[in-house]
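A short write-up of the structure that comes next.
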Amino acid sequence: MNSELGSTLKRPKRPDKSNHKMESLMGGRRENEKLPFWRRYIFSQDHKVIGIQYGITGLCFLLFGFTLMMLMRWQLAYPGKPLPLIGQFFPETAMISGIMLPEFYNQLGAMHGTIMVFLGVVPLAVGGFGNYFLPLQVGAPDMAFPKLNMVSYWFYFVGGVVMIASFFVPGGAAQSGWTSYPPLADIAPTGQTLWLVGMAFLINSSLLGSLNFIVTTVQLRTEGMSFFRLPFFVWAQFVTAFLLLLAFPPLMAAAVLQLMDRLAHTSFFMPSGLVVAGKVLEASGGGNPLLWQHLFWFLAHPEVYVLILPAMGIVAEIITCNTRKPIYGYKALVYSALFIGFMSFLVWAHHMYLTGMGTKMSAFFQITTMIISIPSVIVLTTMVLTLWGGSIRFNTPMLFAIAFLPMFGIGGLTGLPLGLAAADIHLHDTYYVIGHFHYVVAPGTIFALFAGIYHWFPKITGRRMSETLGKIHFWSSLAFINGIFMPMFLQGLAGVSRRLFDPTQYAHALSTQPLNVFISICAWLLGLAQIPFILNFFGSLFWGRRTGQNPWEATTLEWAAPSPPPHGNFPKPVRVYRGPYEYSAPGRKKDFWPQNALEAD
Amino acid sequence: MSTAVIPYISESHPVTGVTNSKLGTWCFLASEVMLFGGLFSAYVLLRTGTLEWPHGKELLNVPLATVNTLVLITSSVTMVMSWASLVMKSLSRYRFFMGLTILLGLAFLVVKAFEYGHKFQHHLFPSTGTFYAVYFTLTGLHGLHVLGGILVNLYFLVPGSRLWRTNPEQFTGRIECAGLYWHFVDLVWIFLFPVLYLL
């Protein structure tokens with residue numbers, strides 16, 4: 001850090017812009033310098049440092065979860081063939097001379113889902129972007145409870161460590177799918193217990209985070225920032241926080257019951273007379289495996305909207321900024337988000353049509369599922385209509401944001417047949433389902449997250465990311481990600497089950513085996529396509545073009561703070577005079593009118 | 001300090017009428033309602049799914065649980081008294097009532113421990129059957145909540161009360177929030193008692 005200071009001194013012309021990098025990345029200045037290093041950057045209570053911690057950890061987990069999938073894709077493309085180059089480095093319990101064992105494949109599958117959802121996307125979207133930008137956008141000096149915010153990150157971190165540690169216990173990590181359905185999960189090896197313990201940490205982490213978000217939004221909005229002047233990003237995070245607050249506890253209840261089943265040998269989820277490997281299991285019985293599914297999906301369906309709402313918030317910010325137009329139908333967007341939040345608690349059993357829960361239940365959940373698609377379509381429509389007649393700037397964040405629209409559209413529309421019990425009977429648990437929800441989450445949410453990184457990188461670091469590398473990253477990712485998920489619809493329609501260790505096992509699946517090879521190659525190429533992003537990310541920290549306070553000429557409050565914002569965010573309190581998206585207001589010289597600008601400015 | 005100046009820590013927000021901590025506590029309790037709501041739903045589903053379900057009053061010690069109910073309700077009253085003492089600016093009365101709340105909480109746990117011990121002596125464990133599984137899990141989780149409440153109250157009785165000298169308003173607010181939580185734990189028991197012991 002001293003050498004950084006030295007380089008600052010050699011450039012006296014721009015003293016205000018050239019803080020040393022570590023400081024500028026973490027957003028700390030003057031007041032913070034009194035604190036020791038570990039209080040500033042490790043056990044920090046500054047929402048911006050915590051946001052960066054969440055973001056970086058989340059990105060690492062995304063890469064890790066994707067790596068697990070790239071291993072699985074070898075087995076799916078070339079079943080029973082030894083994995084070249086790296087196969088020999090795996091222990092006997094995972095691969096025998098490079099040939100993957102079914103147990104290890106199951107572990108990879110279960111942990112890919114768990115890591116991507118609970119340790120990758122949500123921490124990055126909510127913990128990362130939410131923590132960093134929600135207080136800035138409402139004009140607050142920090143989160144309402146900075147200490148709880150810090151504890152929230154460290155719970156998340158411990159949860160992640162427990163999840164990774166579970167790979168190294170006897171029997172390996174959890175292998176009953178990310179849904180951990182009993183009775184299979186009740187009798188699985190030790191890794192499942194660690195999965196439950198890890199989930200307990202993650203649930204408590206999201207509880208602390210979500211109540212912080214709610215209190216900050218309600219209590220700490222700056223003067224003039226009424227609810228209907230909040231940027232849509234804040235609304236999306238606010239609704240998400242309610243989902244996290246109220247939907248996660250039933251999973252906690254389910255985790256407690258499954259832990260009791262595994263450790264105290266109760267039978268909450270164990271039916272009487274269960275036969276495993278030809279022997280009747282010794283258990284008191286009388287439990288109900290469907291109970292787990294109800295409790296699990298009561299969380300996991302709102303969780304889908306936890307994944308998508310923050311992404312919609314990010315995309316709305318970027319689209320309106322880069323079309324230089326106010327967003328089309330701001331109130332429609334807000335009411336849609338609120339309605340999605342409410343309805344998401346009433347659709348969970350559409351994951352359970354095949355469990356024999358009865359036609360009356362199915363009918364109810366079909367209706368609610370069709371109803372919840374309406375606000376989602378409204379959100380998508382308002383964003384598409386925002387593009388209409390705009391003079392669009394096609395920079396990297398905007399490309400990712402525009403790509404989100406059709407990708408999320410495909411994901412959403414392919415979900416409709418799954419929401420109808422009759423069609424679901426054929427499609428349930430096939431690759432069609434995998435294609436459907438990955439279109440929502442991967443080229444949907446993760447593209448939106450990339451858009452957010454490119455858009456807000458200048459605010460966080462004071463430097464821009466490279467447009468050239470960004471465009472290489474975007475176009476290659478877009479091509480390969482569609483190459484992965486589009487063929488899965490065909491496989492699913494052909495009846496290929498998900499979670500198959502050996503896809504050549506069944507005759508009806510053989511016809512789609514060439515597609516598996518194609519998908520796998522696309523998946524590995526998608527991995528390569530992330531290299532420009534990684535280079536761009538780290539390179540731009542040091543060599544990116546310096547930017548001022550408001551490089552995109554945007555209107556919301558985070559751009560009224562210096563880049564990077566100092567401790568306490570705003571040098572003096574900001575006051576808000578107008579709505580969030582006053583672009584191209586008639587009769588004004590500039591095409592943007594910041595929320596905090598006076599009439600005369 | 002590293003924390004920036006955050007408004008509405010000790011004084012209420014003019015529009016919402018609450019402090020940050022109070023709103024946060026209500027959010028936390030909403031989440032807790034969903035946790036116990038999930039467990040009670042599990043109980044309903046398991047009970048309606050079986051042909052016969054034992055009556056709690058034949059298997060569990062109802063008189064002991066009645067005493068425990070009274071103990072917990074009394075502790076809620078003393079908790080309110082301790083907060084009211086702070087509103088009336090008397091730290092010594094606060095100490096008395098807070099100490100009483102903690103003792104009553106401990107008494108509840110001791111009685112519960114005797115109940116558990118009695119069951120274990122007769123070789124009745126969570127693994128014995130679904131009724132006992134529900135009984136031990138729900139009362140066990142409630143017991144952990146009581147224990148958590150006692151620890152928080154102990155903190156506010158001794159080291160936490162130093163805040164009274166520098167910021168009495170904020171300290172009173174904290175005791176109010178601790179009280180909200182304590183009443184919630186009491187309320188859970190008010191549901192658990194009839195559901196497990198009487199029905």
Treating Thr266(A) as the side-chain partner and Ser127(B) as the backbone partner, does any N or O pair qualify as donor plus acceptor under 3.5 Å?
no

Give the member of Met260(A), Met252(A), His294(A), Met270(A) that has the highest number of heavy-atom pairs under 4.5 Å with chain B.
Met260(A)

Does a side-chain heavy-atom distance below 4.5 Å link Trp26(B) with Leu211(A)?
no

Greatest number of non-hydrogen atom pairs under 4.5 angstrom with chain A, of Thr50(B), Ile9(B), Leu23(B), falls to Leu23(B)

By a 4.5 Å heavy-atom criterion (distance strictly below it), what part of Leu295(A) contacts chain B: side chain, backbone, both, or neither?
side chain

Taking every heavy atom of Ile6(B) against every heavy atom of Pro146(A), the minimum-distance pair comes out as CD1-CG, 3.5 Å

Which heavy atom of Ala42(B) sits nearest to which heavy atom of Leu257(A), and what is that distance?
CB-CD1, 3.9 Å

Taking every heavy atom of Ser31(B) against every heavy atom of Leu207(A), the minimum-distance pair comes out as OG-CD1, 3.3 Å

Within the 4.5 Å heavy-atom criterion, are Asn20(B) and Leu220(A) side-chain neighbours or not?
yes

For a 4.5 angstrom cut-off between non-hydrogen side-chain atoms, does Gln219(A) reach Val18(B)?
yes

Are any of the side-chain heavy atoms of Thr128(B) and Ser284(A) separated by less than 4.5 Å?
no

For a 4.5 angstrom cut-off between non-hydrogen side-chain atoms, does Pro126(B) reach His265(A)?
no

